[in-house]
Student: 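Okay, handing you the structure first.
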Protein chains: 2
Amino acid sequence: MTEVIEPAIETVTIDVVLSALADPVRLTLVRALVAAGDWTCGSDVLKEAGVTIGKSTVSHHIKVLRDAGLIRTRVDGIRRLVTLRYDDVEQRFPGLLSMLREHASARTAAAAPTSSA
Amino acid sequence: MTEVIEPAIETVTIDVVLSALADPVRLTLVRALVAAGDWTCGSDVLKEAGVTIGKSTVSHHIKVLRDAGLIRTRVDGIRRLVTLRYDDVEQRFPGLLSMLREHASARTAAAAPTSSA
DNA sequence: CGGAAAGTTCGACTCTGATCGTACTGTTCG
DNA sequence: CGAACAGTACGATCAGAGTCGAACTTTCCG
């Protein structure tokens, strides 16, 4: 098989999506995928983002995001690539991904110009 | 005092907002406030929604939502009323509240017409 | 004043969820 | 074939969040 099962976008509920995005690691991953916009290796993305967790934990988070209907997994030889289900998510939750893209992480990106005070 | 402190909307991060909305009780409350659109008693709203929890727990959830910048609390005599910070939230996270309004609860509203297939 | 009602605060309990380590599966390549 | 690598599956552990109950605060009214 070269594809991994994923839920139909109509069956995805906002409750599950919000729970999936409530975790800092998963939020970092989704944000990176929004920026990447193409098939990417989840482990590498997190590594580059400074998130150092075990590979079983990475697998767990990717599964949560996939079950939430946010990402898609493809088998590429020895590794697995992930990408956002951009059109699907945009169709069911318009503006959600734009929101994530525009609001850079509050934890990692401390260089945000919030110092207006 | 007749007002309760709340964070400036510019200081509100999407991380905190997502975490706040990830709880079913809080999501129910916010959805009810979106529907109400006016000052409402949080305890009553939850009671009507079929959520039966202790009053200290209600107080806790309201505090989380208030700290997340989503709701506002006003003292009205012996009780306290809450309302959505509609304009503020809409300004900082456009489309978020519309998203919550259009996607009825997956847990409580099982009568949603998802059977289009 | 004194009781009632609504909400907050605090401490304690519980339970979900994130994390890790190990074992296992599947793929590539020497 | 067999070693190495990427990822999954499973079980165990641990921290954090939701929940409750009791005590306290504040307000209203008899």
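Throughout, a chain's letter reflects where its sequence line sits, starting with A, and its residues are numbered from 1.
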Student: From the set D/dT19, C/dT19, D/dT27, return the single nucleotide nearest to any side-chain atom of A/I53.
Tutor: C/dT19

Student: Quick one: B/I62 CD1 to C/dA6 P, roughly how many Å, whole number?
Tutor: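 Spelled out: CD1 on B/I62 to P on C/dA6 is 14 Å.
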
Student: So what does B/V58 touch, heavy atoms closer than 4.0 Å: a base, only the sugar-phosphate, or nothing?
Tutor: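 Contact class for B/V58: none.
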
Student: In whole angstrom, give the distance that lies between atom NZ of A/K63 and atom P of D/dA9.
Tutor: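 Taking NZ of A/K63 and P of D/dA9, I get 6 Å after rounding.
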
Student: OP1, OP2 of C/dC20 versus side-chain N and O of A/S56: anything below 4.0 Å?
Tutor: no

Student: How do B/K55 and B/V64 order along DNA chain D: which one's closest nucleotide is nearer the 5' end?
Tutor: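 Checking each residue's closest nucleotide, the 5'-ward one belongs to B/V64.
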
Student: Would B/T83 and B/R72 count as having a side-chain donor-acceptor pair, cut-off 3.5 Å?
Tutor: no

Student: Are B/V34 and B/L21 co-members of a hydrophobic cluster defined by side-chain heavy atoms under 4.5 Å apart?
Tutor: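 Yes, because B/L21 and B/V34 connect within a single hydrophobic cluster, where side-chain heavy atoms sit under 4.5 Å apart.
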
Student: Considering only side-chain heavy atoms of A/D23, which listed nucleotide, C/dA6, C/dT27, C/dA18, is closest?
Tutor: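 Minimum distance to the A/D23 side chain belongs to C/dA18.
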
Student: For B/H61 and D/dT19, is the shortest distance between a side-chain N/O and OP1 or OP2 below 4.0 Å?
Tutor: yes

Student: Using a cut-off of less than 4.0 Å, is there contact between a side-chain N or O of B/S59 and OP1 or OP2 of C/dT8?
Tutor: yes

Student: How long is the line joining CG of B/L21 and C1' of D/dG18, in whole Å?
Tutor: 16 Å

Student: Give the rounded distance in Å between these two atoms: CG of A/L46 and C1' of C/dT19.
Tutor: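 Taking CG of A/L46 and C1' of C/dT19, I get 14 Å after rounding.
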
Student: Which nucleotide wins on minimum distance to the side chain of A/I78, given the candidates C/dA18, D/dC5, C/dA5?
Tutor: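 For A/I78, the side-chain atoms sit closest to D/dC5.
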
Student: Calculate the interatomic distance between B/R74 atom CZ and C/dA6 atom P; express it in whole Å.
Tutor: 17 Å

Student: B/L27 has an atom CG; how far is it from atom P of D/dG18, in whole Å?
Tutor: 13 Å

Student: Is there a side-chain contact between A/R66 and the phosphate of D/dT8, meaning an N or O under 4.0 Å from OP1 or OP2?
Tutor: yes

Student: Rounded to whole angstrom units, what separation is found between the NE2 atom of B/H60 and the C1' atom of C/dC13?
Tutor: 14 Å

Student: Side chains of B/T73 and B/R66: any donor to acceptor distance under 3.5 Å?
Tutor: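 There is such a pair between these side chains.
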
Student: Should the pair A/D87-A/R92 be classified as a salt bridge under the 4.0 Å nitrogen-to-oxygen rule?
Tutor: no

Student: Would you mind reading off the distance between A/R79 atom CZ and D/dA4 atom P, rounded to a whole angstrom?
Tutor: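 So the two atoms are 18 Å apart, to the nearest Å.
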
Student: Measuring to OP1 and OP2 of D/dT19, would you say a side-chain N or O of B/T57 lies under 4.0 angstrom away?
Tutor: no

Student: Return whichever of B/G42 or A/G54 has its heavy-atom-nearest nucleotide of DNA chain C closer to the 5' end.
Tutor: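 Result of the comparison: B/G42.
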
Student: Do the side chains of A/R80 and A/D76 get close enough for a salt bridge, i.e. N-O under 4.0 angstrom?
Tutor: no

Student: Would you say C/dA18 has OP1 or OP2 under 4.0 Å from some side-chain N or O of A/R26?
Tutor: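 It does, given that an N or O in the side chain of A/R26 lies less than 4.0 Å from OP1 or OP2 of C/dA18.
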
